[in-house]
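Heads up: the structure comes next, in structure tokens.
Letters A, B, ... mirror the listed sequences (proteins, then strands); counts begin at 1.
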Amino acid sequence: MSDPKVELRATPPDPHGSAVDTHAVNLNSYIRLCAVVFLVVLCTTSAMIATSFSHIGEGWTLKVALILAIAVVNAFLVAGYLMHLLSEKKLVYTVLSFTVVFFIGLMGLTLWAMAGFPPGTASH
Amino acid sequence: MEIPYTIELRPDTGVYNAKLGIWLFLASEVMLFGALFSAYILLRVGAEPGMWPHGWLDVRLGTINTLLLALSAITTLLAWAACKVRQFAKFKFFHGCTILLALTFLGIKSYEYHDKWIHYEIALGSGAHAGQFADGHLIEKSADFDLAKKTGTVTLHGHFVQDRKDLMDLCSPAAQSARNEELTINAADIKKMENYGPKHNTFTAIYFTLTGLHALHILGGTVVIAYLWGPGSRLWRRDPERFTNRIEVSGLFWHFVDLVWIFLFPVLYLT
């Protein structure tokens, strides 16, 4: 339940007629949210470390995939809740969509390059 | 002259200008770090079997730094929330915590760098251990030590190995059971002596590049946050909403820096 003493509407009337940032804030609920996020980060970090020292699969591929999957969960928490990406404006999503496309392209080029080195450019 | 859209939302974008600016900047940062991560993938996959280091970094220190950054990301968010509810004293407290956590992170990173700087691998060309490698931390070099002139001695706290490959996996049973002791080596017996700095091998090169660039981001972010905590906080009295937006923008940068570390930690320390 929100505390009326610390609650403030984050959209006061604007003299120019346009709204300001619409994130309504309640400090106590933010503290609770942050406590949950930190606990989950603690758990996911422990899970990553446990996975790295465990004997899963034969090579490193499965281990690396698992560790990176946990890191993605961690990143989702930070981006979604701490950076408010779960409730952002359409333009921010558009900018990030382009970034994702270019990032995938960059990684795709890397994988493509690994598939075949031009003659004389790799020793093995 | 008044700068437009520092508080109110710009009708065509739906956000205030600084927020759009920081998101565009962060998009370019994703590509910068993405390029370095792709370089890491190429170097790692291209490494000869058994020649990619494992266990060279201290997981305990990496874990502490991960938690410090996560905590600092949280205090940054709470500082912004405190501004939103007009509690300046709480803002000061939370942002002060962020600065302290960031400085602790940098202190631990410096310790890790120093540890690599005084860690040496010495290839021996002659003497009782000819053909072997001495690996350990530098204790001292004699006053007359000169590798070019082959004079003097160097003392390490470490051990000898037969094959350089034995130094690659420090989590292996052989490496775990190695007993470190004080080794005094004559300069005349040394074929090659090199610390674990960036030029040691491709792993240390990409490690120092990635973490160094990240540490520079931490340093830059800390300077900005310290400015907003100190002299920059005067804006609060004149225009609290605009000041709050500045805190949000610096916070978004800080969260991004945390995001980068979330991937750096497992990639460099755990895999």
Going from [atom1] on [X] to [atom2] on [Y], what distance comes out if it is rounded to the nearest 0.5 angstrom?
| X | Y | atom1 | atom2 | answer |
| --- | --- | --- | --- | --- |
| B:Leu42 | A:Leu109 | CG | CG | 10.0 Å |
| B:Phe265 | A:Asn74 | CZ | CG | 10.0 Å |
| A:Ile70 | B:Leu270 | CD1 | CG | 9.5 Å |
| B:Trp23 | A:Tyr93 | CH2 | OH | 9.0 Å |
| A:Leu68 | B:Ile262 | CG | CD1 | 12.5 Å |
| A:Ile31 | B:Lys90 | CD1 | NZ | 6.0 Å |

Could you tell me which portion of [X] (side chain, backbone, both or neither) has an atom closer than 4.5 angstrom to a non-hydrogen atom of chain A?
| X | value |
| --- | --- |
| B:Leu77 | side chain |
| B:Thr66 | side chain |
| B:Val30 | both |

**Study point:** Which atom of A:Leu27 lies closest to which atom of B:Gln87, heavy atoms considered
**Key:** CD2-OE1, 3.7 Å

Practice item. Work out which heavy atom in A:Lys89 is nearest to a heavy atom in B:Gly14; give both atom names and the distance. Key: CE-O, 3.1 Å

Review point. B:Tyr269, B:Trp254, B:Phe263: which one forms the most heavy-atom pairs within less than 4.5 Å of chain A?
Key: B:Phe263

Point to revise | Residue, of B:Thr76, B:Leu71, B:Thr63, that accumulates the most heavy atom pairs under 4.5 Å with chain A | key: B:Leu71

For [X], does the [atom1] atom sit with more than 12 other heavy atoms under 6.0 Å from it, leaving out its own atoms?
| X | atom1 | answer |
| --- | --- | --- |
| B:Trp236 | CH2 | yes |
| B:Tyr40 | OH | yes |
| A:Leu86 | CG | yes |

Study note, to complete from the structure: One option among A:Phe38, A:Phe98, A:Phe102 has the most heavy-atom pairs under 4.5 Å with chain B, and it is A:Phe38

Practice item. Could you have a look at A:Leu111, A:Val100, A:Ile49, A:Thr44 and say which one has the most heavy-atom pairs with chain B under 4.5 angstrom? Key: A:Ile49

Check your understanding: Applying the side-chain contact (heavy atoms from CB on, under 4.5 Å) test to A:Tyr30, which of B:Ile74, B:Leu78, B:Val85 qualifies?
Key -> B:Leu78

Contact origin within [X] toward chain B - heavy atom pairs under 4.5 Å:
| X | result |
| --- | --- |
| A:Met83 | both |
| A:Leu85 | side chain |
| A:Leu96 | side chain |

Revision key, fill the gap. Residues of residues 209-217 of chain B with a heavy atom under 4.5 Å from any heavy atom of chain A, in residue-number order, are none

Any side-chain heavy-atom pair from [X] and [Y] closer than 4.5 angstrom?
| X | Y | result |
| --- | --- | --- |
| B:Lys19 | A:Glu88 | yes |
| A:Leu106 | B:Met31 | yes |
| B:Ile41 | A:Met107 | yes |
| A:His84 | B:Trp80 | yes |

**Study point:** B:Glu29: salt bridge (Lys or Arg N to Asp or Glu O under 4.0 Å) partners, not counting sequence neighbours
**Key:** none

